[in-house]
Novice: 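Below is a structure I'd like to ask you about.
Chain A is the first sequence line, chain B the second, and so forth, proteins listed ahead of strands; every chain is numbered from 1.
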Amino acid sequence: MIKVRIAPSPTGYLHVGTARTAIFNWLLARNQKGKFVLRIEDTDIKRSSQEMTQSIIDSLKWMGLNWDEGPILQCDRLENYKKNAEELIKTKLCDFCYCTEEDLKPRKQTALAEKKSWKCDRPCLKLSPDERQKWIARPSAVRFFTESDGKVSFMDKLHGELTKDLHDIEDFILMKSDGTPSYNFACVVDDHEMGITHILRGEDHISNTFKQIIIYKAFGWEPPVFIHVPMILGADRSKLSKRHGAVSVLEYRDKGILPETLVNFLALLGWSPGGDREVLSMEELISEFSLDKLGVTGSIFDYQKLEWMNGEHINRLSDDELLKKIKDCIDVPNTQHFSEYPVSEIDNELSKKREILKKFISENEEYTKKVIALLKPRMKTLLDMESYFFVEPTEYDEKGAGKYLTQEGKQRLELLKTRLSELTEFSVENIEAVIRKIAEELGIGAGLLIHPLRLALTGKTVGPSLFHLVEVLGKERVVQRIEKTMAWIK
RNA sequence: GCCCCUAUCGUCUAGCGGUUAGGACACUACUCUUUCAAGGUAAAAACACGGGUUCAACUCCCGUUGGGGGCGCCA
C-alpha cells in the first residue's frame, strides 16, 4: 500500500505551491487507496507558530484534503532524532561540530573568493581529546561528512536517474545546536519511520534529495520513490511569491473562490488527465489522477483562468448548494488576519460587501435564493453579488442618468410606477407585457423605458435581464425606488 | 561562480516517429439581446536554435541559447 505525506512548515500561511503538492499527494493516495499523512515541520522554533499550524490545518480542511494520520508535529519527536543521530555518530560518518556561525563565515567567504565551492574544513574532527573537552560545554551541532569521491544518484519518477558528484555536496548539518534536527535529517528519519513510500514534492528539493539519499545510505535504509514536480511560477516566470499577488490558500477562500475550483485549478498546473477535459469534480480528479500524466515544466499561475473556472464550478452548483457556499464564504473570519499583507482597497471593499451580505442574507433567505438564481450564470466569485439587491442604490451612473433620468424619463417612470403597481401577479411575463404595452402606447422603443427603469432600480446601466430583475426585487422595492429616483430628478 | 532541472500559441496544456499540431483561458469579430455577462459561430495565435539518428522528426540523441531552481545550525 502506498503512503504519502504533505509536510508543511508552519512559518506562514499555506502557500498555493505547497497546496498543489498536497493536492497531488492526496489525489495519489485516494486514487491508489493509500494513506495520506500530515506532518508539521516545526523544527525552526523561531519562525514556527501554533497559529500558523492551525491556519494550515484550516486551509487543508477547507480544500477537502483529509488526512489519515497526523497532524504529527516534529517537535514532539525530538528525542527520536537525537537517538538516531547518536547511532549515526558511532559510524563516524558524522560528528559533533563546535563551529559557530562567526567561525564559519570567514572560512566560507575565503572559499567563495577563491571560487571554490564551500566545504567545511572540519576543524572539529582534528580536535585532540583535551581540546574537545574544552569545547564540550559549548552547544554543538552534528555535522555529516560527505565523501569527496564518487557520486550519489536516485531514480526520480519524472526525471529519470538523477546524479550528482559527492564532491559538489558540502558537509551538512544533521542536528542543530539548539537540539532540533535539520530539515534533511528530520525528513529522512520521519519518512523512514512512518513508512512513506512515495515522496512527491517540488523540484526545489532535488538538491536536498541527494543529501537525503546519503543519509538513507548511512543508516542502511531503503529510500522511497521520489517524484519532483515543477514549480508554480509568477507572471514573470520566477518562483511564485507574495509580490506576484495572493499566494495563500486562505486569500482565495476569502475572495470567494470555491475550494473545488482551487483544487481543480491547482491540480491542472503540471498535471492533465489527457485530452480536453478541464473542469473536473473532486471525484473525477481522484479517479483520473496518475503519476505518469505529470508534466515536467513550470507553470504560471493565471488568475483569470482561475476565475473562469470558478464561474464554471459555481454554475454546476444548485441554488441551494450555492447559497450554502456563499454563507460559508461570508462567515469566514475577515481578511484582517493577513496582517503581513497591506490591506488593499479591494480587500476593504470585499469586507464591506461581506458585512452587507452577512446581515441581509440571514434575514432574507428566500429572497436571496431568488437573487442567486438570477445571478448565478454571471458570477465569477461567491462575492459577485451586486449590492443593489440588498440596499438601495445611493447614486446613479452619471452617463446613464444624463441620458435617461431626464424630465421625459421622469414621466415614463411615473407611468411605469403606476402600471407596475397595478399588477396583481408580479411575474416576469406580466411585467414584460406591461412594459411592452406602455412602449406601444407611447410609440417608443421598449429600451426607452427599460434603461431609465434599470437606472432607477440599480443605479447602473448594466446588469441582468430587466424583467427578471423587477420580479426578483418585488413590487414594493420597485415602486419605492422609482419614487426615490423621481424625487432625485426633481 | 558551482551544481541540478527544463523548453508546443501571450497563458494552461493535448501530442508519446507519419496530424490541416487539438482543446481551454485571455484577445478580436459576428450572432443572440433591453444593457452587461453567459451562450453560439468564427478569426488570430505555438513546436527556441543548430547538429545528428531515421525513408520520415514537435516527438529520439548531442550541443547552443533562453528560463527556472538549489548552493544556511530555513524548510
Novice: Could I get a table of every N or O pair under 3.5 Å where one atom is in the protein and the other is in nucleotides 24-29 of chain B?
Specialist:
unit_1: B/rA24; atom_1: O4'; unit_2: A/Glu278; atom_2: OE1; d: 3.0
unit_1: B/rA24; atom_1: O2'; unit_2: A/Glu278; atom_2: OE1; d: 2.5
unit_1: B/rA24; atom_1: N3; unit_2: A/Lys305; atom_2: NZ; d: 3.0
unit_1: B/rC25; atom_1: OP1; unit_2: A/Trp308; atom_2: NE1; d: 3.4

Novice: Listed in order of residue number, which residues of residues 262-271 of chain A have a non-hydrogen atom at under 4.0 Å from RNA chain B?
Specialist: A/Leu268, A/Leu269, A/Gly270
Novice: Each nucleotide N or O in nucleotides 31-34 of chain B that has a protein N or O under 3.5 Å away: list the pair and distance.
Specialist:
unit_1: B/rU34; atom_1: OP1; unit_2: A/Arg436; atom_2: NH2; d: 3.2
unit_1: B/rU34; atom_1: O2'; unit_2: A/His451; atom_2: NE2; d: 3.3
unit_1: B/rU34; atom_1: O2; unit_2: A/Arg454; atom_2: NH2; d: 3.0
unit_1: B/rU34; atom_1: N3; unit_2: A/Leu466; atom_2: N; d: 3.3
unit_1: B/rU34; atom_1: O4; unit_2: A/Ser465; atom_2: OG; d: 3.0

Novice: Report the residues that fulfil side chain to side chain donor-acceptor pair (under 3.5 Å) with A/Asp236, sequence neighbours left out, ordered by chain and then residue number.
Specialist: A/Ser238, A/Arg243, A/His244
Novice: Paired with B/rC49 by Watson-Crick or G-U wobble geometry, both distances under 3.5 Å: which nucleotide is it?
Specialist: B/rG63
Novice: When both hydrogen-bonding distances must be under 3.5 Å and the geometry is Watson-Crick or G-U wobble, what is B/rC71 paired with, if anything?
Specialist: B/rG1
Novice: Mind calculating the distance between CD1 (A/Ile173) and P (B/rC74) to the nearest angstrom?
Specialist: 9 Å
Novice: Just to be sure I understand the rule, does A/Ser48 reach a base, reach only the sugar-phosphate, or reach nothing, if contact means heavy atoms closer than 4.0 Å?
Specialist: nothing
Novice: Below 4.0 angstrom, which residues in residues 75-89 of chain A have at least one non-hydrogen atom near RNA chain B?
Specialist: none
Novice: Below the 4.0 Å mark, does B/rU13 have OP1 or OP2 next to a side-chain nitrogen or oxygen of A/Ser299?
Specialist: yes
Novice: Tell me whether A/Ser59 contacts the main-chain N or O of A/Leu14 through its side chain, where contact means a donor paired with an acceptor under 3.5 Å.
Specialist: no
Novice: Determine the contact category for A/Asn315: base if any of its heavy atoms lies under 4.0 Å from a base atom, sugar-phosphate if only primed atoms, P, OP1 or OP2 are that close, otherwise nothing.
Specialist: nothing
Novice: Can you list the residues that meet the ring pair (Phe, Tyr, Trp, His ring centres under 6.0 Å) rule with A/Trp271, with sequence neighbours excluded?
Specialist: A/Phe289
